[in-house]
Amino acid sequence: MVQLYNLHPFGSQEVVPCKLEPERFCGGGRDALFVAAGCKVEAFAVAGQGLCQPRCAFSTLGRVLRLAYSEADISNETLQLESDDFVICQKPMELLGEKSKQSGIAVTLESTGLADEKIKYFHVQHLLYRRFAPDISSCVLSDDIKLHSLQLLPIYQTGSLTSERKHSSQEKELLSLFCFFSLPHVGYLYMVVKSVELMSVYQYPEKSQQAVLTPQFLHVITSNNLQCYTVRCSAAAAREEDPYVDTTLKACPPVSMDVCALRIQLFIGLKAICHFKNHIILLTKADPETIPERRESPKRLLSRKGTSVNLKTPPVAEAGWNLYIVNTISPVQLYKEMVFLSDFNTYKTAKTQSCIHLLSEAHLLVRAALMDGQSAGTWRKNCYSRLDTQYSHLTLPYYKMSGLSMAEVLARVDWALEDGAQKYERGLIFYINHSLYENLDEELSEELAAKVVQMFYVAEPKQLPHILCSPSMKNIDPLTAISYLRKLDTSGFSSVLVTLTKAAMALKMRDLDMHRNEMKSHSEMKLVCGFILEPRLLIQQRKGQIVPTEFAVQLKETQPGLLVASVLGLQKNNKIGIEEADSFFKVLCGKDEDTIPQLLVDFWEAQLVACLPDVVLQELFFKLTSQYIWRLSKRQPPDTTPLRTSEDLINTCSHYGLISPWVNVLISSESLADKNYMEDLSKLQSLICGPSFDIASIIPFLEPLSEDTVAGLSVHVLCHTRLEEYEWCIDRLLERCPEAVIPYANHELKEENRTLWWKKLLPELCQRIKCGGEKYQLYLSSLKETLSVVAVELQLRDFLNVLPEDGTAAFFLPYLLYCSRKKSLT
């Protein structure tokens with residue numbers, strides 16, 4: 001049995017002035033009610049308060065068996081298979097989606113009167129198969145397991161709410177689809193939009209006759225009762241519309257929350273029901289001798305004027321039938337009643353969940369009304385705000401659905417003192433705090449900002465530094481802010497955060513002395529921790545754009561190292577993304593997207609030093625090498641002094657390797673006086689010499705760095721060496737810088753590559769010596785050192801085989817003698 005709240009979802013009722021006993025009836029259009037009896041159909045106009053006026057009547061060609069209203073251009077066809085045959089030995093079964101084809105029941109479409117070209121637009125989709133078996137032990141009759149009230153309920157998306165609180169589009173787009181059907185004592189609600197899923201089960205206290213499903217309620221009739229239950233259709237549809245509706249705060253009540261009965265209303269002789277907009281149409285039929293004496297219930301959990309159903313029945317009804325229109329009250333009125341009822345001590349005690357459940361139902365009622373196209377501006381009252389419990393965060397969706405700005409909410413706050421002290425509702429505090437964290441593009445006035453500061457100083461002092469950093473608090477008087485910050489007792493939370501907030505306010509007042517004094521009161525490491533606690537001291541977002549704060553601008557000029565370390569700390573703690581950090585430094589330094597400031601290069605180098613796990617190394621290598629190469633090719637100095645030298649990086653970062661010694665020989669062959677140029681070159685060379693760099697990826701981007709310069713040549717040779725293209729490198733060095741070839745060979749031609757001494761280097765040197773030229777002496781010197789190495793490595797016979805045939809014997813004799821003595825010495 002579901003929980004019952006004695007609420008009043010039904011309002012006034014009126015009798016429909018039918019001339020004949022109704023057999024079929026339905027609502028349609030804006031205000032039409034159709035009633036069929038035999039071969040005659042009467043139409044009535046239904047006014048706003050349920051007043052029913054005859055409109056017209058017409059006759060049909062035969063007895064009306066089914067009555068339904070269809071909008072223009074909308075066609076609904078329903079096929080319902082009914083069977084009274086049951087096999088008791090069969091077990092209950094549920095097949096969902098395409099699996100329902102396994103039921104063995106074949107469904108075939110037959111077209112009657114449809115054009116052939118339209119048939120292709122119709123198809124059968126299997127949604128659900130469910131078989132119910134009676135409980136043999138209870139001797140239940142077959143009538144007690146018959147299905148009734150099969151219904152499909154679509155919920156449409158009518159466009160998102162705009163700032164003017166109106167729907168931007170009235171075009172209907174199917175958002176979700178629900179299927180309901182009922183047994184006499186239990187009803188089932190399924191969601192069938194993407195996959196078939198059972199959402200809710202309704203246990204009725206007595207045998208039901210018929211039920212109708214609406215986006216807000218499920219209405220069920222028994223022989224003597226009209227019952228109203230809550231549904232989860234709008235909650236499920238809201239999640240289809242926004243899958244992230246409650247992923248963080250869990251403030252939106254879940255679809256899995258138990259349903260409840262809002263009202264069980266006495267109504268004698270109920271036979272049929274249908275729903276039409278905010279009206280319930282009921283057919284009653286009772287014999288005079290079977291009508292029980294009607295009495296008012298002595299117990300009412302809640303009694304309020306104007307909300308009870310008017311049950312005055314004309315004398316005619318006692319002898320036969322009546323068709324009633326019962327008006328459902330507006331969601332606003334029912335919502336207020338739910339909030340009022342939640343104030344009762346019975347519901348508000350900490351020992352029961354009834355209060356939270358009732359307020360959650362009120363929330364879903366609001367959401368259902370909004371999805372049904374009702375104005376969000378009507379929702380002003382908050383359900384959860386008064387609760388000084390762990391549930392006060394549930395207030396948030398109500399403020400969101402109200403459509404009110406933060407300033408409008410604050411304007412409705414009662415700022416008067418209560419018993420000499422200011423009291424603030426917990427839900428309001430939570431909403432304001434959450435809104436100030438959301439980076440809303442709403443700036444509070446100086447007066448409202450001061451009131452917010454006062455509110456948090458009283459209710460949530462630990463949050464005061466955080467809320468002062470919100471862009472919405474831009475207009476706060478810094479003197480007011482500092483006065484409250486100085487009064488804070490920082491024993492319970494971070495004092496460095498208070499210090500940084502005071503330093504930010506000092507900058508706002510242009511009091512640089514106070515700013516410097518505050519910054520000196522903590523170590524740099526603690527200051528970094530403070531910025532991690534509140535990133536908005538440095539970085540804010542306005543209208544979706546990253547905006548560096550005045551504090552960040554000051555640190556750029558005075559303490560760039562602290563700024564880089566702080567942003568690095570934010571990234572390490574997932575407070576800022578990689579692309580956001582890059583954009584921050586570009587905006588801070590006033591550079592466009594294609595220009596890289598040195599401070600950003602410093603940040604990239606700091607990322608490599610810190611070895612952040614979420615940083616893609618090769619992307620970072622590419623950023624740095626591209627910038628080094630661009631500045632070297634353009635001889636463009638950095639716009640600010642780099643924070644780290646190449647030596648610093650080599651000593652502190654494993655990704656920067658020791659530069660090969662032959663590179664220094666190569667570089668020293670030309671004069672490179674520019675210190676910045678040398679630093680960029682050394683950093684690039686060190687990265688290439690490091691263990692993590694993917695050399696192949698950078699080769700295509702080396703083109704701007706010409707081999708005609710020793711800087712460019714060193715980079716090209718380093719890259720090709722890492723690719724083990726040693727012969728290419730030997731050729732380039734012999735041609736451009738012969739003095740570097742022996743240091744290169746000593747460092748690079750080892751182990752399996754040692755054969756290149758006599759297979760590549762020795763014949764190349766001999767050939768170049770034959771040609772003579774200005775580099776003859778350099779080649780000759782290199783040849784002597786090469787022969788010394790080869791004489792040690794090879795046996796005499798092998799040594800003789802690699803010597804040139806036309807060489808001078810006297811020149812090679814000392815090396816041959818050494819090679820021959822080597823064996824005897826051994």
Side-chain angles (χ1 to χ4, degrees), residues 159-168 238 242 245-246 249 251-252 330-333 335-336 338-340 359 362-363 365-387 392-418 422-460 463-464 466-477 480-481 536 540-544:
S160 57
L161 291 174
T162 64
S163 57
E164 291 82 13
R165 302 172 189 160
K166 294 180 180 178
H167 287 287
S168 58
D242 179 12
V245 67
D246 66 346
L249 298 173
C252 182
S330 69
V332 177
Q333 189 174 347
Y335 165 81
K336 290 179 179 178
M338 294 168 119
V339 175
F340 182 78
L359 293 178
H363 177 126
L365 179 67
V366 173
R367 187 170 293 278
L370 290 175
M371 295 197 72
D372 200 33
Q374 299 191 28
S375 172
T378 61
W379 306 101
R380 295 288 186 261
K381 182 65 178 174
N382 192 294
C383 278
Y384 299 94
S385 193
R386 305 174 312 281
L387 299 179
S392 59
H393 73 284
L394 299 176
T395 187
L396 184 62
Y398 281 87
Y399 282 111
K400 295 288 187 183
M401 290 187 288
S402 73
L404 296 173
S405 66
M406 190 163 37
E408 288 172 323
V409 170
L410 289 170
R412 287 161 170 75
V413 174
D414 183 7
W415 301 99
L417 296 178
E418 184 179 317
Q422 185 67 58
K423 298 287 182 67
Y424 300 101
E425 294 177 345
R426 300 296 304 170
L428 173 66
I429 294 292
F430 184 87
Y431 160 71
I432 296 297
N433 192 28
H434 185 273
S435 298
L436 292 174
Y437 266 101
E438 269 195 313
N439 291 324
L440 300 175
D441 296 326
E442 178 186 2
E443 294 180 2
L444 297 177
S445 66
E446 180 179 339
E447 180 185 4
L448 284 179
K451 288 184 176 181
V452 169
V453 170
Q454 175 195 353
M455 176 192 300
F456 278 87
Y457 175 75
V458 173
E460 289 283 351
Q463 292 297 321
L464 187 55
H466 295 285
I467 66 109
L468 284 170
C469 297
S470 170
S472 299
M473 298 289 286
K474 178 183 178 182
N475 297 321
I476 184 66
D477 180 5
T480 301
R536 292 176 297 179
Q540 295 185 352
Q541 283 198 352
R542 293 175 189 164
K543 297 182 179 179

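All residue numbers refer to positions in the sequence shown, counting from 1.
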**Q.** Rounded distance [0.5 Å steps], CG in Leu436 versus CE in Met473
**A.** 6.5 Å

Q.
How long is the straight-line distance from CD1 of Ile429 back to OH of Tyr424, given to the nearest 0.5 Å?
A. 7.5 Å

**Q.** Side-chain (Gln333) to main-chain (Ser330) donor-acceptor, under 3.5 angstrom
**A.** no

Q | Heavy-atom check, side chain of Glu425 versus side chain of Tyr431, under 4.5 Å | A | no

Q: Check whether any side-chain N or O of Gln540 sits under 3.5 Å from a backbone N or O of Cys469 as a donor-acceptor pair, and report yes or no.
A: yes

Q) In Å and rounded to the nearest 0.5 Å, what is the CG to CD distance from Leu448 to Glu408? A) 11.0 Å

Q: Measure across Met406 and Ser435 and return the closest heavy-atom pair with its distance rounded to 0.1 Å.
A: SD-CB, 3.6 Å

Q: Considering non-hydrogen atoms only, spot the tightest contact between Pro331 and Leu365 and give its length.
A: O-CD2, 3.6 Å

Q. Can you tell if the side chain of Met455 reaches within under 4.5 Å of the side chain of Leu428, non-hydrogen atoms only?
A. yes

Q: Identify which one of Asn433, Leu464, Ile476, Ile432 satisfies the side chain to side chain contact (heavy atoms under 4.5 Å, CB included) criterion when paired with Val452.
A: Ile432

**Q.** Between OH on residue Tyr457 and CD on residue Gln463, distance to nearest 0.5 Å
**A.** 16.0 Å

Q) Between Asn475 (side chain) and Leu444 (backbone), is there a donor-acceptor pair under 3.5 Å? A) yes

Q.
Testing the basics here: between Pro471 and Arg542, what is the closest heavy-atom pair and its distance to 0.1 Å?
A. CB-NE, 4.1 Å

Q) Quick one: does Arg536's side chain have a donor or acceptor within less than 3.5 Å of a partner on His466's backbone? A) yes

Q: Could you grab the distance from atom CG of Asp441 to atom CD of Glu443, nearest 0.5 Å is fine?
A: 9.0 Å

Q: Specify the closest pair of heavy atoms between Met338 and Ala362, including all atoms of both residues, with the distance to one decimal.
A: SD-CA, 3.7 Å

